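Computed from a predicted structure; not experimentally measured.
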Amino acid sequence: MLKAVNKSRADEDISVLITIDHQRWHYLCDCGLASDLTKKDCLNTLALFISHTHIDHFIGFDNVIRHQVGIGRTIYVCGPPGLAAKVQQKMQAYEWNLVDEGDATNTVYEIHEIINDNTIRISRMQPPHWQLEFTEERSGSNVVYSDDAVTVYYTLLDHGTPCAAYLFEETGKSKLDMEKCPFETGPWVKELQHAFKHDKKELPVTINGKTYKAEELFYLLRWVEGHKFGYIMDHAADAANHARIKDLFSGADEIFIECYYKESEEPFAGLNKHSTAKRSAEVMRAAGVKKAVPVHFSRRYHQSPELLASVIREFNDALHAE
């Protein structure tokens with residue numbers, strides 16, 4: 001199951017770490033100031049997902065790469081138009097003369113730059129010179145990243161600049177139906193799950209000394225859909241953005257969504273192309289989201305716990321309105 005934790009403290013920006021049960025690798029959404037983001041978190045982060053490069057979402061990128069450079073593997077960075085050049089500028093702002101051969105030079109940053117609604121451009125760079133090397137352009141879907149554990153979809157929202165919102169969909173899996181199973185569990189369960197996943201119907205599976213064709217035992221498995229987590233940051237609370245949100249995030253299990261202003265400050269929200277707590281709650285309710293979590297509030301609300309609590313209360317009241 002996907003688990004999302006905001007690693008930024010109340011008076012900081014936004015940086016959300018996503019973990020999956022029984023998996024070493026993590027995923028990081030945005031790189032604001034995040035005092036609770038540890039060195040181990042950074043080392044175990046496989047892919048970063050940047051919503052946009054306003055300072056409060058990107059300033060902590062330097063801290064992340066500080067721990068990752070020298071790790072000797074590929075790290076994926078996904079984000080909106082212009083991301084590749086901005087990541088390169090970050091890298092080239094530092095002096096790398098002490099980086100020599102070995103794990104450091106084997107570290108690769110692969111940039112998945114969103115071009116439009118169905119196209120991403122992939123480039124790679126590595127120390128010490130951080131030259132961008134174009135790899136390929138992929139079109140035809142809104143998938144920005146995938147691996148064996150998760151597929152990540154995107155949509156671009158308007159924040160005066162394109163702001164990428166992400167839907168993480170955990171890969172579904174088969175599980176043993178204990179009510180149907182007459183056998184004791186053992187290594188055969190993983191063998192059967194492997195056969196089911198790869199449609200290897202003839203694969204032999206041995207239980208208690210008796211060998212079966214895998215397809216004879218498929219009835220013992222049930223399919224469990226993967227958890228869906230959404231990350232929706234800065235956006236104008238208008239019809240176009242709300243239509244995009246409802247289209248991608250309908251029925252999601254959990255979503256973190258920006259609630260930058262109270263509804264009474266809607267003029268500021270409109271001017272700065274942010275959402276209000278009430279409007280964010282309304283679009284979550286319209287999308288049928290199972291659990292919606294308000295995050296990313298204006299710094300003015302951090303001056304008082306009571307004021308911040310009132311924003312969250314406004315969100316919850318609107319979310320559960322009749």
(request) Flag the pair Glu136 and Arg121 as a salt bridge only when some basic side-chain nitrogen lies within less than 4.0 angstrom of an acidic carboxylate oxygen. (result) no
(message) Hydrophobic cluster membership, with links at side-chain heavy-atom distances under 4.5 Å among I/L/V/M/F/W/Y: are Tyr94 and Val77 in one?
(response) yes
(message) Applying ring pair (Phe, Tyr, Trp, His ring centres under 6.0 Å) as the test, list every pair that has at least one member in residues 140-162; sequence neighbours left out.
(response) Phe49-Tyr145, His52-His159, His54-His159, Tyr76-Tyr145, His159-His274
(message) Quick check on the hydrophobic clustering: are Ile71 and Val87 connected, directly or via other members, by side-chain heavy-atom contacts under 4.5 Å?
(response) yes
(message) Checking Glu282 now: which residues fulfil salt bridge (Lys or Arg N to Asp or Glu O under 4.0 Å) with it, not counting sequence neighbours?
(response) Arg279
(message) For a side-chain contact (heavy atoms from CB on, under 4.5 Å) check, start with the C-alpha distance between Val143 and Arg138, then their side-chain angles and the critical distance, and finish with the verdict.
(response) CA-CA 9 Å; Val143 173; Arg138 297 177 186 171; over 6 Å; no
(message) Do Cys42 and Lys39 have side chains that approach each other closer than 4.5 Å (heavy atoms only, starting at C-beta)?
(response) no
(request) Identify whether the distance between the nearest side-chain nitrogen and carboxylate oxygen of Asp30 and Lys7 falls below 4.0 Å. (result) no
(request) For the residue pair Ile255 and Phe249, establish whether any side-chain heavy-atom pair is separated by less than 4.5 Å. (result) yes
(message) Taking the six-membered ring for Trp, are Tyr231 and Tyr166 closer than 6.0 Å centroid to centroid?
(response) no
(request) Please assess Thr206 against Thr211 for the test side-chain hydrogen bond (donor to acceptor under 3.5 Å, both in side chains), listing each intermediate value before the final yes or no. (result) CA-CA 4 Å; Thr206 301; Thr211 300; 2.9 Å; yes
(request) Please examine the side chains of Val150 and Trp25, heavy atoms only from C-beta on, and report whether any two atoms are closer than 4.5 Å. (result) no
(message) Strictly below 4.0 Å, N to O, side chains only: are Asp36 and Arg9 in salt-bridge contact?
(response) yes
(request) Indicate yes or no: does Lys90 engage Asp62 in a salt bridge with an N to O separation below 4.0 Å. (result) yes
(message) Do the side chains of Glu314 and Lys278 get close enough for a salt bridge, i.e. N-O under 4.0 angstrom?
(response) no
(message) Do the side chains of Arg244 and Asp117 get close enough for a salt bridge, i.e. N-O under 4.0 angstrom?
(response) yes
